[in-house]
Amino acid sequence: MDSTGTESSAGTGAEKGKAAVSFTKATPAPNPAPTTEEAPDIQSHDIFVIKKKLSLTAGEYVVSVARPDGSEGEPVAYAREKRLSLRGQVTVYTDASRKSVLAAFKGRDHEVGYMYDVRDASGQSFGSFYEDAGASFLRRTWQVRQPGTMELTGREHSRVVAFVRFVWEFVPYLEYVPFIWPYRFKYTESGKPLMTVTKKLGLHTRYVLEILAPDIDRRLAIAHTLALDALEVD
C-alpha cells in the first residue's frame, strides 16, 4: 500500500500532495510512512464516538474519544470514504489535514463474498472482516479477525430491528432513505462479549464503539465500525 501526503523536505520545492492509499502498486515515498508510534494514542481508550459529517463530495467521519457522559471528546482520527467504490474503500487519518494514514481498508473478492483487509500506513495487514452472508439473511452478522489474537462474531442484538431493516431495504425508494432508528451490534468470542457498536437515534449518523477487551486493536475496531456505515450505502 502506498501512503502519500507527507510534506517534502525543505528546499526541494515539491508540491504537497493529499494523503492517499493505493492497494495496487507500492511506490517509494519521499519520507518514511508513519508508524504506530507516530499515531495518536488510541489503544488506551475503550469508548469512541464516530460521527458522519455531511458532505456532497465524499463520506467523511470524525472519530473522538467519548467523555464520561457519552459526549464527543478529543478527536483522534478522521476518515474518508472513496465515493463510487463498489467494494468499499475507506482511509483513516491521524488528523484533519489527512497527511498521515492510521489505517485503511478495501474489499477484495473472496469465497465469502468480499473480504476487507485492514492495513496500516506501510501496507501491512493487521486484521480483516467480512459479512457472514448465510447468517445475515434476517440478522446481519460479521466476522472480525485479528490474527493471533481473537476472532469475533458480531451480530445485530435486536431481532425486531434487524427484521425492520431487512424489510426496509426491499421497499421501493426507501433504500435511498437513511435508516434513522437505533440499532446495536454485539461482538463475542466463544460467547464472551468483547465489543459493541451502537447506532444512536437521530438524523445525524452517530455511532458509539465500546471495546471490552484490551487486546483488540483499536484501529481494527474503528475501521470495522466505519464499514458498518460505509458499506450500508454501497
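This chain uses plain numbering: 1 for the first residue, then up along the sequence.
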Original post:
Going only through I, L, V, M, F, W and Y residues with side-chain contacts under 4.5 Å, is there a path from Y114 to V118?
Top reply: yes

Original post:
Measuring from S128:OG to Y116:OH, what's the distance to the nearest 0.5 Å?
Top reply: 12.0 Å

**OP:** Could you label the plane-to-plane angle of the F129 and H224 rings as parallel, tilted or perpendicular, counting under 30° as parallel and over 60° as perpendicular?
**Re:** perpendicular

**OP:** Consider only side-chain heavy atoms of I, L, V, M, F, W and Y, link residues closer than 4.5 Å, and tell whether Y78 and I222 are in one cluster.
**Re:** no

Original post:
What's the spacing between I42 CD1 and E74 CD if we round to 0.5 Å?
Top reply: 11.5 Å

**OP:** Looking only at non-hydrogen atoms, find the nearest pair between R218 and A213 and report the distance.
**Re:** NH1-O, 3.1 Å

**OP:** Identify the heavy atoms of E81 and Y61 that sit nearest to each other, and give their distance.
**Re:** OE1-OH, 4.0 Å

Subject >> F48: partners by ring-ring contact (aromatic ring centres under 6.0 Å, His included), with sequence neighbours left out >> reply: none

Original post:
Looking only at atom types and distance, does a side-chain atom of Q146 sit under 3.5 Å from a main-chain N or O of I216, one as donor and one as acceptor?
Top reply: no

Original post:
Counting only N and O atoms by type, is there a donor-acceptor contact under 3.5 Å from the side chain of S71 to the main-chain atoms of R67?
Top reply: no

Original post:
Is it the case that one hydrophobic cluster holds both V208 and L194, taking links as side-chain heavy atoms less than 4.5 Å apart, direct or via other members?
Top reply: no

Original post:
Partners of E151 by salt bridge (charged side-chain N to carboxylate O under 4.0 Å, His left out), sequence neighbours excluded?
Top reply: R145

**OP:** To the nearest 0.5 angstrom, please state how far the OG atom of S190 sits from the NZ atom of K192.
**Re:** 10.0 Å

Original post:
Is the NZ or CZ atom of R219 positioned over F126's six-membered ring, under 6.0 angstrom from the centre and within 45° of the axis?
Top reply: yes

Subject >> Distance (rounded to the nearest 0.5 Å) between E210 CD and T196 OG1 >> reply: 4.5 Å

Subject >> Lys/Arg-Asp/Glu bridge criterion (N-O < 4.0 Å) met for K106, D117 >> reply: no

**OP:** Could you tell me which non-hydrogen atom of V49 sits nearest to which non-hydrogen atom of G70, and how far apart they are?
**Re:** CG2-O, 3.8 Å

Original post:
How far does CZ of R108 sit from CE of M115, to the nearest 0.5 angstrom?
Top reply: 5.5 Å

Subject >> E72 to K51 - nearest heavy-atom pair and separation >> reply: OE2-CD, 3.4 Å

Subject >> Atom of L226, atom of A79 and distance for their closest heavy-atom approach >> reply: CD1-CB, 3.6 Å

Original post:
Going from CD on E60 to CZ on R80, what distance comes out if it is rounded to the nearest 0.5 angstrom?
Top reply: 4.5 Å

Subject >> K186/E156 ion pair, N-O < 4.0 Å >> reply: no

**OP:** Establish, from distance only, whether the side-chain atoms of T141 and E131 form a donor-acceptor pair under 3.5 Å.
**Re:** no

